[in-house]
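Have a look at the structure below before the remarks.
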4 protein chains.
Amino acid sequence: MPGVTGPSDRLLDCVLDLLVAEGYEGISIRRVATAAGVSIGAVQHHFATKDALLTAAMDRVSQQFQQRLERRIAPGAGPAEWLRAVADELVSTGEERRPASVIWLVRMARAAVHEPTAEVHRREWQQVEDLLAQLVAAARPDLAEQSVRDEATVLLALLDGLAGAAAVEPGRVPPERAEALVARHLDALLDPVRPPA
Amino acid sequence: MPGVTGPSDRLLDCVLDLLVAEGYEGISIRRVATAAGVSIGAVQHHFATKDALLTAAMDRVSQQFQQRLERRIAPGAGPAEWLRAVADELVSTGEERRPASVIWLVRMARAAVHEPTAEVHRREWQQVEDLLAQLVAAARPDLAEQSVRDEATVLLALLDGLAGAAAVEPGRVPPERAEALVARHLDALLDPVRPPA
Amino acid sequence: MPGVTGPSDRLLDCVLDLLVAEGYEGISIRRVATAAGVSIGAVQHHFATKDALLTAAMDRVSQQFQQRLERRIAPGAGPAEWLRAVADELVSTGEERRPASVIWLVRMARAAVHEPTAEVHRREWQQVEDLLAQLVAAARPDLAEQSVRDEATVLLALLDGLAGAAAVEPGRVPPERAEALVARHLDALLDPVRPPA
Amino acid sequence: MPGVTGPSDRLLDCVLDLLVAEGYEGISIRRVATAAGVSIGAVQHHFATKDALLTAAMDRVSQQFQQRLERRIAPGAGPAEWLRAVADELVSTGEERRPASVIWLVRMARAAVHEPTAEVHRREWQQVEDLLAQLVAAARPDLAEQSVRDEATVLLALLDGLAGAAAVEPGRVPPERAEALVARHLDALLDPVRPPA
DNA sequence: CATGAATGAGAATTCATTCAT
DNA sequence: GATGAATGAATTCTCATTCAT
């Protein structure tokens, strides 16, 4: 039954709301309970410890991210279109997608100092890079394997950097500018200037 | 007497050490005092509130960052060399420079949910982009103003993304690979494939 | 089940004991917890903040005061007897009633510098004056409305002044003297020297 | 050199200001120092302990009170006028005299739980009652000694009660009403209805 | 005389967790 | 399944005081 969300999911959504609003330090079982309108004991009934709650929240983020990615991969589209769609999802600009960027920033900062979070982050980002590499290879069959990998790594770093900048510095990097820069980068990647025969 | 650091600076260094070791949530006045080997009251004598302590620590990071940048700008070097030096400073790879990357990640995540931090971050990153734009313009006088700005923004985003990835995912993005990718990007930027006459 | 007092009431009684023993500055959650033989957390489980604790304690005083007043109003007694009974309750002399006087003094001093306390005090004392005015009007139907109000205000001020003096200066104003002076004042009020026909 | 106020007196005035503004709990050496614009050490240079500071502040209140009383006793006036003047000073109504009432309330509440304060208060209020008794005796030579004493005690209690009520409950007992009630009471005391010959 | 560093105790409050119901 | 009482540790912060300068 897709789309069905139990009481646990409601709690996790409250966790993510708090995370976006006040960062990692804004999370406490008490506040989650208050935000969800349930008792403290109820939260602890579903998630025995605070760590379990946070881990579950991070898992939920991962799932939602995967779902959004899959939804973007339209059947019948060419690799270039897929690549643009995935890049657009990753750069995640615009007011309604800012929460995703903020959560990503918070999670990455936590990963830098919290090994369990780091493991999840590494696995996931490796998968994303692999996906990008696949699409680049398909769109640019002329490139050598190493070049494909390099392009994928650079692209992912660029998308991460732009997403963070757009979320925190909308003045310097407005959403539409971030998208335009991504498009420019992909243009150069997908339609390189070829030396004349 | 250069290099002399008062008791305040020692406290701030302890704050930064804790920040790198355990992230933002690892900071408490008690732990800072313990780490510095002084009483809690002593910490609060120098920094009235926790916020003042953290703000001062962030300022110290900014100062150190500025100093490192200035030290990189060797007199007599051309804009291309400067650009490579600044980029190397920003991508900040290697074990001994990991603390800088971690602090940068933590600060950015905080900026996403804490407006005062965000303001400092914005001001500073705008200056960094301005510096990059200056250097790009000097190294590529053929580029139009808008293209210069685009290259600067893309370069900074790429450096941010690679620095974060290198700090959190050394498996996927080892330090030397991050540097190589930066070099590759700068090569393309500084020595573009020119159409034949 | 009359007389049943929950754990909250026990805490409030400890608050009042501390208040009488050491005044407003003697109150701290820690000391209340110690006096009640419970943990600090337990106190804060019942009263989230110190202010809530003090407010509840003051409410308890008000309730007890109201109950004592009502117990004094015997059915079938004339207004003169009622007036003497209420006055006796208000002047509140004697060792066993000193706590009531001390709490009243502490509360009034707090009302002078703490608006929320002042509001409660004003409402309550207005009701007391109204009660006195009613009784005076009933006992002295010959008095004009304004005179009744004046007598009530003067009587309440006198009772307050004597109660405070008896509590703090038992040498100058011993309990029995305070009662005698009240009786004297009420004698003059209830049986005025009438000009002969 | 009367009227000369050293730095100590400035500190004491700050103490009294804080007392009126926030009550006894609002006093701390830190805040007094801040309010006076001096360092904490400077305050402690003049008053070794917090208790010494508060004791000195209370003494200053006593001195100022005595001075105001003496200034009211105009030479050449009859005892009735003196009595009215002293009563007016004690009831202390009006916005500009509210601080005096508040300090008196705070001091009395403290006296109820702090023996040293109680001793000072008792001594002083005994003197005030003695003064009132003297004036009553002079104005009403027909009264027996006990009656004089009773009238003095009642008068002082009434003045205290009205002063406190006027300070805390200006709605129920406006300043001018307090003065009118005092005048009414003194009228009855000084010009009693005498039985016709 | 005055300052500021330093300390240690105590303040209120929030927190995660356990347990009985 | 769910609730609320209770606890003990930890939080930031304020406080009075001592001491060296």
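Numbered from 1 within each chain, the chains take letters A, B, ... in sequence-line order.
For Arg110(A) and Glu115(A), the salt-bridge test fails: no basic side-chain N is under 4.0 Å from an acidic carboxylate O. The existence of a salt bridge linking Glu124(A) and Arg107(A) is confirmed by a sub-4.0 Å separation between a basic side-chain nitrogen and an acidic carboxylate oxygen.
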What protein N or O atoms touch nucleotides 17-21 of chain F N or O atoms at under 3.5 angstrom, if any, and at what distances?
from: dT17(F); atom 1: OP2; to: Lys50(D); atom 2: N; distance (Å): 2.9

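Rounded to whole angstrom, the span from the CD atom of Glu25(C) across to the C1' atom of dA12(E) amounts to 17 Å. In this entry the distance linking CD1 of Ile27(C) with C1' of dA12(E) reads 14 Å, nearest Å. Atom C1' of nucleotide dA2(F) and atom CZ of Phe47(A) are separated by 15 Å, given to the nearest angstrom. Rounded to whole angstrom, the span from the CZ atom of Arg10(D) across to the P atom of dC1(E) amounts to 15 Å.
Between Glu22(B) and Arg31(B) there is a side-chain heavy-atom pair separated by less than 4.5 Å.
Pair check for dA10(F) finds dT13(E); Watson-Crick or G-U wobble, both atom distances under 3.5 Å. dT18(F): Watson-Crick or G-U partner is dA5(E), with both key distances under 3.5 Å.
Evaluated for a side-chain contact (heavy atoms from CB on, under 4.5 Å) with Met58(C), the options Val106(C), Leu53(C), Leu19(C) yield exactly one hit, Leu19(C).
When the side-chain nitrogen and oxygen atoms of His45(C) are compared with OP1 and OP2 of dA6(F), none of them lie within a distance under 4.0 Å. The phosphate of dT14(E) has neither OP1 nor OP2 within less than 4.0 Å of any side-chain N or O from Ser28(A). One finds a side-chain N or O of His46(A) lying less than 4.0 angstrom from the OP1 or OP2 phosphate oxygen of dA2(F).
A distance of 9.5 Å separates CD of Gln63(B) from CG of Leu12(B), quoted to the nearest 0.5 Å. Atom CD1 of Ile103(A) sits about 8.0 Å away from atom CG of Asp17(A), to the nearest 0.5 Å. For the atom pair OH of Tyr24(D) and CG of Leu105(D), the computed distance is 16.0 Å after rounding to the nearest 0.5 Å.
For residues 109-120 of chain C, proximity to DNA chain E is found at no residue, defined as any non-hydrogen atom under 4.0 angstrom from a strand atom.
Nucleotides dT21(F) and dC1(E), compared at atom P, are 23 Å apart to the nearest Å.
Residue Glu95(A) qualifies as open at atom CD: its count of foreign heavy atoms under 6.0 Å is 12 or below.
Panel note: side chain Arg30(A), backbone Ile40(A); no donor-acceptor pair is recorded below 3.5 Å.
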